[in-house]
Student: 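I have a structure I would like to understand better, so I am pasting it below and will then ask my questions one at a time.
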Amino acid sequence: MAMSLSSLYLSFFAAFDVVLATSLNVTAIGAKDGNSRFECWELDAPFVSSSQTGIAGSQTTFLGDVSNITYNVIPAGFDSGVHNTPRNQWIVVLNGLAVITLPDNSSVTVATTPGEMGLLFATDTPEVSREGHGNYFPGVSETIFLQVPTKDGAIPEHKVLNDDGPCTPNKYTALRGWATG
Ligand SMILES: *[C@@H]1O[C@H](CO)[C@@H](O)[C@H](O)[C@H]1NC(C)=O
Ligand SMILES: *[C@@H]1O[C@H](CO)[C@@H](O)[C@H](O)[C@H]1NC(C)=O
Ligand SMILES: *[C@@H]1O[C@H](CO)[C@@H](O)[C@H](O)[C@H]1NC(C)=O
């Protein structure tokens with residue numbers, strides 16, 4: 001008659017599955033009319049309840065196939081200059097501070113730090129952006145980030161939430177109550 005702890009646990013997650021239909025939002029470095037710009041994307045792939053052993057019942061979203069992965073350490077004070085992303089790729093900031101600038105629009109910069117907002121997608125390749133974007137690293141420590149090009153240069157399916165600015169902090173909060181509830 002007593003419910004086992006594990007079935008209580010499962011029904012807890014099942015109850016929350018019903019109310020959760022959310023997707024991950026990421027800031028993208030995109031381009032329009034040959035100029036790089038920031039965009040906020042809502043990925044089409046939804047969060048689903050994981051069935052993977054060890055994280056079963058947790059929220060997971062598939063980010064798609066990737067090609068390889070590079071770990072980069074940039075010294076404090078470094079300035080990349082203006083450049084294009086060489087390929088469509090995920091950027092994951094692990095440490096430090098990277099500021100992304102736009103050569104034609106000094107009114108907006110994106111400061112990336114580790115954490116949920118430290119996942120970005122760069123797609124301003126030379127094919128779509130004349131100059132690309134700039135990066136400088138004003139933090140006190142080195143900045144570490146991963147570059148993860150997608151398989152065959154694919155761009156994840158997405159809806160554009162903002163076509164002229166990065167995702168704001170409130171675009172990352174949907175699962176927070178669930179995580180702490
Ligand atoms: C990583 O993948 C990208 C995109 O497919 C490719 O251009 C690059 O050469 C690969 N890097 C290595 C070291 O294989
Ligand atoms: C510069 O970027 C801001 C924020 O993304 C945008 O509102 C503005 O329209 C942009 N200005 C130009 C000239 O593109
Ligand atoms: C992403 O943005 C959409 C639209 O504002 C929102 O419904 C969704 O909950 C957001 N996702 C997260 C994880 O916060």
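For ligands, and for the atoms within them, numbers begin at 1 and follow the listed sequence. Only a predicted model underlies this, so the values are computations on that prediction, with no experimental measurement involved. By convention here, the first residue in the shown sequence is residue 1.
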Student: Side chain of N84, backbone of P86: donor and acceptor closer than 3.5 Å?
Tutor: no
Student: Could you check whether any side-chain heavy atom of T61 comes within less than 4.5 Å of a side-chain heavy atom of L43, counting everything from C-beta outward?
Tutor: no
Student: Would you say atom 7 (O) of ligand 1 has a protein heavy atom nearer than 4.0 Å?
Tutor: yes
Student: Looking only at non-hydrogen atoms, find the nearest pair between P149 and R87 and report the distance.
Tutor: CB-CD, 3.3 Å
Student: Would you give the length of the straight line joining atom NZ of K32 to atom CZ of R37, rounded to the nearest 0.5 angstrom?
Tutor: 5.5 Å
Student: What atoms in ligand 3 come closer than 4.0 Å to a heavy atom of Y172?
Tutor: 14 (O)
Student: For T150 and I155, indicate whether the former's side chain and the latter's backbone hold a donor-acceptor pair under 3.5 Å.
Tutor: no
Student: Measure E42 to ligand 3 on non-hydrogen atoms and call it side chain, backbone, both or neither using the 4.0 Å cut-off.
Tutor: side chain
Student: Nearest protein heavy atom to atom 10 (C) of ligand 3, by residue and atom, and its distance?
Tutor: N25 ND2, 2.6 Å
Student: Mark the output for T22 as yes if a heavy-atom distance to ligand 3 is under 4.0 Å, and as no if none is.
Tutor: yes
Student: Hey, is ligand 1 close enough to N68 that some N/O pair sits below 3.5 Å?
Tutor: yes
Student: Calculate, to the nearest 0.5 Å, the distance between atoms CD1 and OG1 belonging to I29 and T125 respectively.
Tutor: 11.5 Å
Student: Please could you name the atoms of ligand 3 that A174 approaches to less than 4.0 Å, counting only its heavy atoms?
Tutor: 9 (O), 11 (N), 12 (C), 13 (C), 14 (O)
Student: Nearest protein heavy-atom contact for atom 4 (C) of ligand 2: which residue, which atom, what distance?
Tutor: D164 O, 3.3 Å
Student: What atoms of ligand 3 come closer than 4.0 angstrom to any heavy atom of K171?
Tutor: 1 (C), 2 (O), 5 (O), 10 (C), 11 (N), 12 (C), 14 (O)
Student: Among T109, N162, I100, N105, which one satisfies side chain to side chain contact (heavy atoms under 4.5 Å, CB included) with F38?
Tutor: I100
Student: Can you sort out which atoms of ligand 1 are near S67, meaning under 4.0 Å from one of its heavy atoms?
Tutor: 1 (C), 2 (O), 3 (C), 4 (C), 5 (O)
Student: H158 vs W41 aromatic rings, parallel, tilted or perpendicular, using cut-offs 30° and 60°?
Tutor: parallel
Student: For ligand 2, which atoms, with element, lie under 4.0 Å from some heavy atom of S107?
Tutor: 1 (C), 2 (O), 3 (C)
Student: Side chain, backbone, both or neither: which part of R87 has a heavy atom under 4.0 Å from ligand 1?
Tutor: side chain
Student: Among the heavy atoms of T173, does any lie under 4.0 Å from an atom of ligand 3?
Tutor: yes
Student: Would V148 and L120 show up in the same hydrophobic cluster when neighbours are defined by side-chain heavy atoms closer than 4.5 Å?
Tutor: no
Student: Within the 4.0 Å heavy-atom shell around S23, which atoms of ligand 3 are there?
Tutor: 1 (C), 10 (C), 11 (N), 12 (C), 13 (C)
Student: When you measure from the side chain of N25 to the backbone N and O of K171, does any donor-acceptor pair fall under 3.5 Å?
Tutor: yes
Student: How far is atom 14 (O) of ligand 2 from its nearest protein heavy atom, and which residue and atom is that?
Tutor: N105 ND2, 3.4 Å
